[in-house]
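Working notes, beginning with the structure itself.
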Amino acid sequence: MRTTLLDIRKMKAAGRRIAMLTAYDYAAARLADRAGVPLVLVGDSLGMVMQGHGTTLPVTVDDMVRHAAAVVRGSEKALVIADLPFLTYADKPSAVAAARRLMQEAQVQAVKLEGGRHVAPIVEHLVQHGVPVMGHLGFTPQSQHTLGVRVQAKEAACAKRLIEDALALEAAGVFALVLELVPAPLAAEISKRLSIPTIGIGAGAGCDGQVQVWHDLLGLFETSPRHARRYAEIGAAIEDALREYVADVQGERFPTAAQSAGMDEAELAKALA
Ligand code: KIV
């Protein structure tokens, strides 16, 4: 049974923190599921960590559908959420078209979109048509050329606006809200005011849950953002393994007889005759 929207609402009510993690492929989704990660986000961060772009902006609905479908195939228990890419929800028909592809072709259970009160009518429209929507406020990577990559809403007026945006999204029907690079006391205050769960990234421990990017948490790159904790050094482990593999091939230690397909001497003699 997959995690449901009701489950995560109950987790907030019971004060149980919610762990969310990004995943972009089948193998990662299987591992996340086995580890008991209840919410898996197929983030458009895949543009950076899977495709090597500098921002999330080049990611298309086709990219999202391909990765999200693999994640859904790899997971049985997680609620799988996929990002609606840049400019695919600027109007209601586009938002419906993108959400339809993600829910019908990739079979995700929910979508996420970025922005405050200006996207509330889009959220309401999707929710009314049966699409569960997660919101995303604070630093919203799709607007990074406008916002800059930095902590948002430090000034009183911006903080007030962020609270109003969070309330507008809740009223529009989002089932949860990501708060990215928001000052911790402000994120804690928003979490108290909302009945839906907040999921923080660089927003402190007062959020109802946390989200991390797969590559940051597992140390796949040389550096991770300041807000990430590296739970493993998988990048270094992979590099070591690959060096050993190259050395073994060059030193003729791989493959061994056990790793090779065998053939009966008589069969070989017959083949060569
Ligand atoms: O795209 C993504 O991975 C995200 C998370 C950072 C919340 O939106």
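Counting starts at 1 for both ligands and their atoms, following the listed order. Keep in mind the model is a prediction, meaning the values are calculated, not measured. What's counted below: heavy atoms across the whole structure, side chains too, no hydrogens, waters or symmetry copies.
Sorted by first and then second residue, the pairs that involve residues 24-58 and meet ring pair (Phe, Tyr, Trp, His ring centres under 6.0 Å), not counting sequence neighbours, are Y24-H215. For residues 67-104, there are no ring pair (Phe, Tyr, Trp, His ring centres under 6.0 Å) pairs, not counting sequence neighbours. The list of ring pair (Phe, Tyr, Trp, His ring centres under 6.0 Å) pairs with a residue in residues 112-144, not counting sequence neighbours, reads H125-H129.
Taking CG of L87 as the reference point, atom CG of L57 lies at 7.5 Å (rounded to 0.5 Å).
Between D216 and Y231 the shortest side-chain heavy-atom distance does not fall below 4.5 Å. Two residues are said to be in side-chain contact when any heavy atoms from C-beta on lie closer than 4.5 Å; V133 and K112 fail this criterion.
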Contacts table for ligand 1: protein N or O within a distance under 3.5 Å of ligand N or O, distances only.
from     : atom 1 : to   : atom 2 : distance (Å)
ligand 1 : 1 (O)  : D44  : N      : 3.2
ligand 1 : 1 (O)  : D44  : OD1    : 3.2
ligand 1 : 1 (O)  : S45  : N      : 3.0
ligand 1 : 1 (O)  : S45  : OG     : 3.3
ligand 1 : 1 (O)  : D83  : OD2    : 3.1
ligand 1 : 3 (O)  : S45  : OG     : 2.5
ligand 1 : 8 (O)  : K112 : NZ     : 2.9

